[in-house]
Q: 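Questions regarding the structure given below will be posed in turn.
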Amino acid sequence: MATNRSGAAQRPNGAPQTKVCQFKLVLLGESAVGKSSLVLRFVKGQFHEYQESTIGAAFLTQTLCLDDTTVKFEIWDTAGQERYHSLAPMYYRGAQAAIVVYDITNQDTFGRAKNWVKELQRQASPSIVIALAGNKSDLAAKRMVEFEEAQAYADENGLLFMETSAKTAMNVNDIFLAIANKLPKSESVGGGAAGGARRLNDADAPRSSSCCK
Amino acid sequence: MPEEQAFCLLVRLMYGYGLRELYKDGFEALYMRLHQLDRLMEEQLTDLRAHFQELGVEPHMFASQWFLTVFTARFPLPLVYHILDVFLLQGMDTLFQVSLALLTRARKDLLQHDFEGVLKYFRVTLPKKCRAEEASRQIVKLACSIKVKRLQKYQLEYEKFIKESAEKEKINVELERLKVINTQLQQERDMFESQLKETRSSLEVVQKESVHYAAVARDYRDICARLDKQLHQMLECVNSCVSCSVKMAQKDNKEDLEQKDEEKESSSDTEARLKQRVRDLELELAQVKLAHVQAQCSNQELSHQLNAALNEMQAAMNQKQTVAPWLVRTLSK
């Protein structure tokens, strides 16, 4: 996280014009698999043992620095409960990337993740980059979904795949980085650099507040 | 609060105050309420709503949580208590009044922000600004002063919109189907058109050829007619000359025979052989007849000689009468 922050802070100080790409990313998956926790870990580097259930959807942003490109993710963290399903299209419509999350200790959530992948392949933008995240890898002792099974499924469907842990931060940045690397960087956002940086700096202060959605 | 009372309150809130409706059936009622809020904003906070529209900020992005939790999710408790009091007193309208009050107070700030900033403001800044006791009192006071009208109209409007978009969806599906059919038909039409074009061009070629051949045929007819005419003239000429006409007749016969021969050539092979045989036999017959005539001639001569001899012998017999009778009998035969 530290590197990301410093990367973001450098830009207003007149860092050489790096290309800035902005991508809409949506998190999908059964409730309580850790979507909000993954985002919280990625955006703020925090983890809450008792993360509240997301209501509707939460919007957050985070910026990553690749070699020559600054990638800004606009993240829609959706609510996982089935009742919210009908709202999901509003968030994945126009998204360039999606992370479909399941809980490695719960086989049902893996099945649900497959359904999300199917829905994205059918309904979302055809060029969407989909990553599959098997979260809660710190609970490997209670594992119900084998790594190889998920890896094989991901390979079959052309998905990025990692087992992650929002709690230990394992692979959290890596999965976002992998997505950033896979996304096409042609669509540079003109004038977005300064604005993005400003907003990020604004956000640094309130990050310590109780808000975590 | 004892458990029973709390449960009664929950039941009352859900059924009496209609909150339950918000959670049912994929949030249909919630979206209707959000549409009502959108229309109220259009009415009372025109510039802010225009700004939101420009940014793509939709009411569901910030107000879903407000409505679904009656503002309890993120706002500080003093404000929450105030709001719940008013809600229990007035009911559903309070949701709109408080929403509009919050938006009115935040209007100036929100107008400064872009998409991301607006959503962050709702998530972080706004709850923070409501922390002060004074602020929450002012918000509730402002909320209570806000008039919420035409909710029924907006509800009907939304229901109509939903119905229409469902119909539109149906029509779109039908349209897509027809488009596919149309494309197919267009392809067929194009195919047929190109076929027609080909056929037309070949027809043209054929027509040109036929014109050409018709001209050729006409030329030949002319030539034939001319030659016919010449032939008639010649024949007249020939007929007027006797020797020529005889020659012509013979020639005609010969030509006829030749023609017949030609015709019969293949079929009259045996006939020819028979004819040859007939001719051979005729020749033989002629030779036989000739020989017969020669024989008759020599017979006649011999008869003459015999008669002469007999006469001589008679004379001699008459002279001599001495010749033996048997000889006389033999010779007289």
Side-chain angles (χ1 to χ4, degrees), chain A residues 8 20 22-26 36 39-40 43-44 51-63 72-79 81-91 93-95 189 191-192 194-213, chain B residues 19-35 37 52 55-77 80 99 109-110 112-131 162 165-166 169:
Chain A
V20 178
Q22 208 162 316
F23 296 109
K24 184 174 160 185
L25 181 148
V26 62
S36 299
V39 176
L40 185 67
V43 174
K44 295 180 196 164
Q51 173 72 35
E52 297 167 35
S53 177
T54 306
I55 298 166
F59 180 81
L60 291 126
T61 62
Q62 178 60 296
T63 306
K72 182 175 171 191
F73 282 117
E74 299 184 325
I75 305 164
W76 277 108
D77 171 25
T78 65
Q81 287 169 25
E82 184 51 35
R83 62 166 69 248
Y84 289 98
H85 191 158
S86 63
L87 312 188
M90 272 197 300
Y91 299 106
R93 199 185 305 132
V189 180
R198 178 172 49 72
R199 270 178 274 137
L200 270 176
N201 290 343
D202 281 352
D204 283 346
R207 262 176 193 164
S208 55
S209 78
S210 63
C211 147
C212 51
K213 289 253 178 83
Chain B
L19 277 182
R20 194 177 125 80
E21 291 304 310
L22 291 181
Y23 311 107
K24 285 194 339 193
D25 303 330
F27 299 104
E28 271 172 36
L30 173 67
Y31 273 78
M32 190 275 289
R33 296 291 178 202
L34 290 171
H35 172 75
L37 177 63
F52 279 8
L55 298 177
V57 174
E58 294 166 19
H60 72 84
M61 294 175 183
F62 56 90
S64 298
Q65 203 185 45
W66 292 355
F67 284 11
L68 289 174
T69 65
V70 196
F71 302 95
T72 59
R74 194 158 292 172
F75 291 101
L77 277 180
V80 170
S99 299
D109 290 343
L110 288 170
Q112 306 297 314
H113 285 301
D114 62 4
F115 180 82
E116 192 186 336
V118 165
L119 291 186
K120 186 156 273 172
Y121 188 93
F122 281 124
R123 200 178 69 239
V124 180
T125 318
L126 186 63
K128 246 172 44 174
K129 286 202 170 185
C130 300
R131 270 188 206 159
I162 288 297
S165 43
E169 182 57 34

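Chain naming here is simple, since letters A, B, ... match the order of the sequence lines and numbering starts at 1 in each.
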Q: Identify, with sequence neighbours excluded, every residue that meets side-chain hydrogen bond (donor to acceptor under 3.5 Å, both in side chains) alongside B:His35.
A: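 Checked B:His35 against side-chain hydrogen bond (donor to acceptor under 3.5 Å, both in side chains); matches are B:Glu157.
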
Q: Could you grab the distance from atom CZ of A:Arg83 to atom CZ of B:Phe27, nearest 0.5 Å is fine?
A: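 These two atoms lie 5.0 Å from each other.
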
Q: Checking B:Phe115 against chain A: side chain, backbone, both or neither under 4.5 Å from a heavy atom?
A: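 Only the side chain of B:Phe115 comes within 4.5 Å of chain A.
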
Q: In plain terms, say whether A:Glu52 and B:Arg74 are close enough for a salt bridge, that is, a side-chain N and a carboxylate O under 4.0 Å apart.
A: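 Looking at B:Arg74 together with A:Glu52, the answer is no, because their closest N to O distance does not fall below 4.0 Å.
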
Q: Could you work out, with side chain to side chain contact (heavy atoms under 4.5 Å, CB included) as the rule, every residue matching A:Glu82, not counting sequence neighbours?
A: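 A:His85, A:Arg112.
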
Q: For B:Lys120 and A:Leu60, run side-chain contact (heavy atoms from CB on, under 4.5 Å): C-alpha distance rounded to whole Å, both residues' side-chain angles, the deciding distance at 0.1 Å, then the answer.
A: CA-CA 8 Å; B:Lys120 186 156 273 172; A:Leu60 291 126; 6.0 Å; no

Q: What pair of heavy atoms forms the shortest contact from B:Glu116 to A:Phe59, and how long is it?
A: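 The pair with the smallest heavy-atom distance is CG-CE2, 3.7 Å.
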
Q: Output the distance between atom CE (A:Met90) and atom OH (B:Tyr31), rounded to the nearest 0.5 Å.
A: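 It comes to 3.0 Å.
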
Q: Calculate, to the nearest 0.5 Å, the distance between atoms OG1 and CG belonging to A:Thr61 and B:Leu119 respectively.
A: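 Interatomic distance, A:Thr61 OG1 to B:Leu119 CG, rounded to 0.5 Å: 10.0 Å.
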
Q: Find the distance between CE (B:Met61) and CH2 (A:Trp76) and round it off to the nearest 0.5 Å.
A: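 Those atoms lie 4.5 Å apart.
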
Q: If you look at every heavy atom in A:Tyr91 and B:His60, which pair is closest and at what distance?
A: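 Looking at all heavy atoms of both residues, the closest pair is OH-ND1, 3.0 Å.
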
